[in-house]
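Per chain, numbering begins at 1; letters A, B, ... match sequence-line order. Since the structure is predicted, the reported quantities are computational estimates derived from the model, not experimental observations.
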Protein chains: 2
Amino acid sequence: MSRSETSAGPRRGRPGYDRPTLVRECVDMFNRHGYEATSMGMLATHLGISKSAIYHHVESKEAILGEALDAALDALEAAFDRVEALSDGPVERVEAAVRATLQALADHMPEVTLLLRLRGNSEVELRAMERRRTITRRFGALLEAGQADGAVRDDVDPRNLARLALGMINSVVDWFRPDGPHTVEEMVRSVTGVVLAGVRG
Amino acid sequence: MSRSETSAGPRRGRPGYDRPTLVRECVDMFNRHGYEATSMGMLATHLGISKSAIYHHVESKEAILGEALDAALDALEAAFDRVEALSDGPVERVEAAVRATLQALADHMPEVTLLLRLRGNSEVELRAMERRRTITRRFGALLEAGQADGAVRDDVDPRNLARLALGMINSVVDWFRPDGPHTVEEMVRSVTGVVLAGVRG
């Protein structure tokens, strides 16, 4: 909340926005009010520009949503691509996946926040939710390899263990503030420590 | 999603709803579409009754929200009241808090889901979020007592450790289904095991 409020006020007297700034401001509004409850009129009022000035940059509200979700999902998928290419042991790969996911969250906090709150009310949302489920499955596969190796606890099925670990990891978007008392590196280190302790065999 | 779809279709031919059923159906709609995006007209259409028939039971959409949030928060607060009254050691109290929170979530899944998605857009939401923060602080205090005792890891501050553990615990509303392959008891046992392993010193 404080993040949006300090960075997202209308900038009166400014002639316009570049596209990335405009998209970021819209994402902040979606996170504050909910995507469906945010109209193009509300975005225009918030930005202090006309609706047609918004349409100059983006074709629709859904296009902004799609672009933000792509940014979040591309970063998360790239993280798993890198981790799966590692030749390390199973626990090291699980640890690398946790770290890389946390880093992607920190790099794309507003977009990931939007992703985590989707309800599946449109094709764009359903596609994003399917990509998110695929990422959970990829994390589950890393945990399953760790279970086969005896390095990851095997009293919980790997898919549910992935969901639990990701629940802990994703909570970061609700409480971590990059301008707060802890650096991103410190947050990544502590959260990785807690997640790893939870899933180890 | 499947939960809502199996239980929440309009019941045509039925003259009316009792109040608890009506509130539950409305909460399902809020969770599906978002509270702000759900109008009284949508609720009436979904229920297959008139808006005035809804107003016969409840004074406003916000009254339904408030009632649902109270149910979730009352259950969570009662869980912490019981745990804090225990004379057990710090780790046992942390474990009891995790179990009791998971049980409250399982007992009030739709209402807790609604609580977890609030954005603070009204007095009712802000009050509920403040009650939720107080619960997080109470969990943090139990963890802090465990740290003083050497039983809980002390490399993460207790408030953040509480947020991480609650992130894992709360993820249950997104994936646990009481009619799925695992019973509530099994879910409570496995999730408690993973959370405890994560926070132990």
Item checked: Heavy-atom proximity to chain B below 4.5 Å, by part of A:His182 -> side chain
Item checked: Check: A:Trp175 and B:Leu164 side chains under 4.5 Å, non-hydrogen atoms -> yes
Next item on the list: Indicate the atoms forming the closest heavy-atom contact of B:Gly193 with A:Arg153, along with that distance.
Entry: O-NH1, 3.3 Å
Check: For the candidates A:Asn160, A:Val195, A:Val172, which exhibits the highest count of non-hydrogen atom pairs separated by less than 4.5 Å from chain B?
Finding: A:Asn160
Notebook entry, point to check: Is a side-chain donor or acceptor of B:Arg119 paired with a backbone partner of A:Asn31 at a separation under 3.5 angstrom?
Noted result: yes
Note to self: I need the B:Leu161 CG to A:Met168 CE distance, nearest 0.5 Å.
What the structure shows: 7.5 Å
Notebook entry, point to check: Do you know which two heavy atoms are closest between A:Gly167 and B:Ser171, and how far apart they sit?
Noted result: CA-CB, 3.7 Å
Notebook entry, point to check: Say you draw a straight line from OG1 of B:Thr38 to CD of A:Glu36; how long is it, rounded to the nearest 0.5 Å?
Noted result: 7.5 Å
Note to self: Rounded to the nearest 0.5 Å, what separates atom CG in B:Asp174 from atom CG in A:Asn170?
What the structure shows: 9.0 Å
